[in-house]
Amino acid sequence: MPETVVLVHNYQRPEVQLLADHLGDSLELAMRAREVEADRIVMCGVDFMAEVVKILNPDREVVVPDPRAMCGMALRLRAEDLREFRREHPDAAVVAYVNTTAEVKAEADVMCTSANAVEVVSRLPEDEVIFVPDNNLAAWVAANVEDKEIIPFPERGCCPVHHAITLSDLRGLASRYPDADVLVHPECPPEVCRAADYVGSTSQIYEYCRERGPDRIIMGTEEGLGFRIERELGVEVIVPGHAVCPDMKVTTGEKVERVLEGRVPRALLVELDRDVMRDAEETVEEMFRITG
Ligand code: 13P
Ligand code: SF4
């Protein structure tokens with residue numbers, strides 16, 4: 001049996017989180033993927049995360065327990081549409097959020113995640129930045145990087161799960177639980193981010209709880225992260241609305257166990273075009289270079 005490492009995103013089902021060698025946000029998982037020495041990497045999350053692992057490990061076997069786990073926001077942007085749009089803005093840098101396909105990353109100049117989007121954009125020499133595909137994260141970046149013009153693309157690009165978290169949901173819970181800190185993900189709408197005590201990636205929300213130790217939080221992101229925070233930190237987590245990403249729940253403990261037993265049909269292997277991988281790798285590595 002090949003030596004195997006299991007990478008798991010913070011939104012995964014509890015039973016999958018418990019099988020993780022490394023549990024984290026998109027940035028931490030990409031960093032882990034760069035250091036892997038095992039022959040086989042099992043990525044429990046959604047397609048773009050597995051693609052990043054493959055881009056960073058073109059000669060290793062990258063396995064997804066269920067290939068139907070796909071990020072709806074990432075799938076909506078096609079590389080050819082970005083290529084055409086960028087022609088209209090020849091002086092702009094193109095920043096691709098990690099939640100994009102490998103083909104879109106190959107078209108972009110640099111990748112970012114929610115944990116470092118503000119840092120990546122603020123370090124670019126260009127004054128104009130095309131930011132794809134999340135308009136809400138683009139607005140969060142624009143609010144925090146004052147000296148650049150941020151051009152969001154495509155129109156209405158957003159995560160359906162985070163975009164559905166409303167200010168009135170948040171206010172309702174905040175008046176019921178006035179002692180709770182309000183922490184949200186930057187994929188939430190701008191008015192929700194403005195009303196929060198803290199805005200950060202999934203692992204940054206976890207770190208806030210670890211460092212500050214609140215008794216209770218109102219958490220504006222996918223509910224899966226709540227399991228980790230409650231289990232590891234003993235913080236009570238209240239989630240507004242119905243913040244469940246169905247794609248993140250496609251992977252089950254049973255499917256991961258099957259892979260760990262060595263049952264890996266070809267359909268579970270991540271395969272990408274070599275040229276796309278090479279160009280996308282430059283975009284991913286540029287993020288690591290810029291952020292040091
Ligand atoms: P993080 O990078 O914060 O873990 O977020 C990934 C994601 O898909 C958010 O919806
Ligand atoms: Fe994509 Fe939204 Fe699901 Fe994250 S929560 S994987 S952005 S659909």
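Counting starts at 1 for both ligands and their atoms, following the listed order.
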Ser201 neighbourhood, listing ligand 1 atoms whose heavy-atom distance to it stays under 4.0 Å: 3 (O)

Side chain, backbone, both or neither: Gln204 near ligand 1, heavy atoms under 4.0 Å: neither

Atoms in ligand 1 with a heavy atom of Asp25 nearer than 4.0 Å: 1 (P), 2 (O), 4 (O)

contact_flag Asn99 ligand 1 heavy-atom lt 4.0 Å: yes

Under-4.0 Å salt bridge between Glu207 and Arg210: yes

Close approach, Cys159 and ligand 1, non-hydrogen under 4.0 angstrom: no

Atoms of ligand 1, numbered as shown, that sit under 4.0 Å from any heavy atom of Ser114: 1 (P), 2 (O), 3 (O)

Under 3.5 Å side-chain donor-acceptor pair for Asn10 and Thr202: yes

His162 near ligand 1 by a heavy-atom separation under 4.0 Å: yes

Contact summary for Pro190 and Asn136, nearest pair of heavy atoms: CD-OD1, 3.6 Å

Ser26 and ligand 1 - part of the residue with a heavy-atom distance under 4.0 Å: both

Short side-chain donor-acceptor distance under 3.5 Å, Tyr208 and Asp197: no

Carboxylate-amine/guanidinium proximity below 4.0 Å for Glu51 and Lys105: no

Where ligand 1 meets His9 - atom numbers and elements under 4.0 angstrom, heavy-atom basis: 1 (P), 4 (O), 5 (O), 6 (C)

Beyond-backbone contact of Ile41 with Leu7, side-chain heavy atoms, under 4.5 angstrom: yes

Set of residues satisfying side chain to side chain donor-acceptor pair (under 3.5 Å) with respect to Glu187, sequence neighbours excluded: Tyr97, His162

Sub-2.8 Å protein N, O or S atoms surrounding atom 2 (Fe) of ligand 2: Cys159 SG

Any Asp179 side-chain heavy atom under 4.5 Å of Arg216 side chain: yes

Pair Glu119-Thr291, side-chain donor/acceptor within less than 3.5 Å: no

Identity and separation of the nearest protein heavy atom to atom 5 (O) of ligand 1: His185 NE2, 3.3 Å

Ion pair check, Glu84 and Arg87, cut-off under 4.0 Å: no

Protein heavy atom at shortest distance from atom 9 (C) of ligand 1: Glu187 OE2, 3.1 Å

Check: Tyr206/Ser201 side-chain N/O donor and acceptor closer than 3.5 Å: no

Ligand 1 versus Thr113: contacting region, heavy-atom distance under 4.0 Å: neither

Residue-ligand contact Glu222/ligand 1, heavy atom below 4.0 Å: no

Side-chain (Arg13) to main-chain (Lys249) donor-acceptor, under 3.5 angstrom: yes

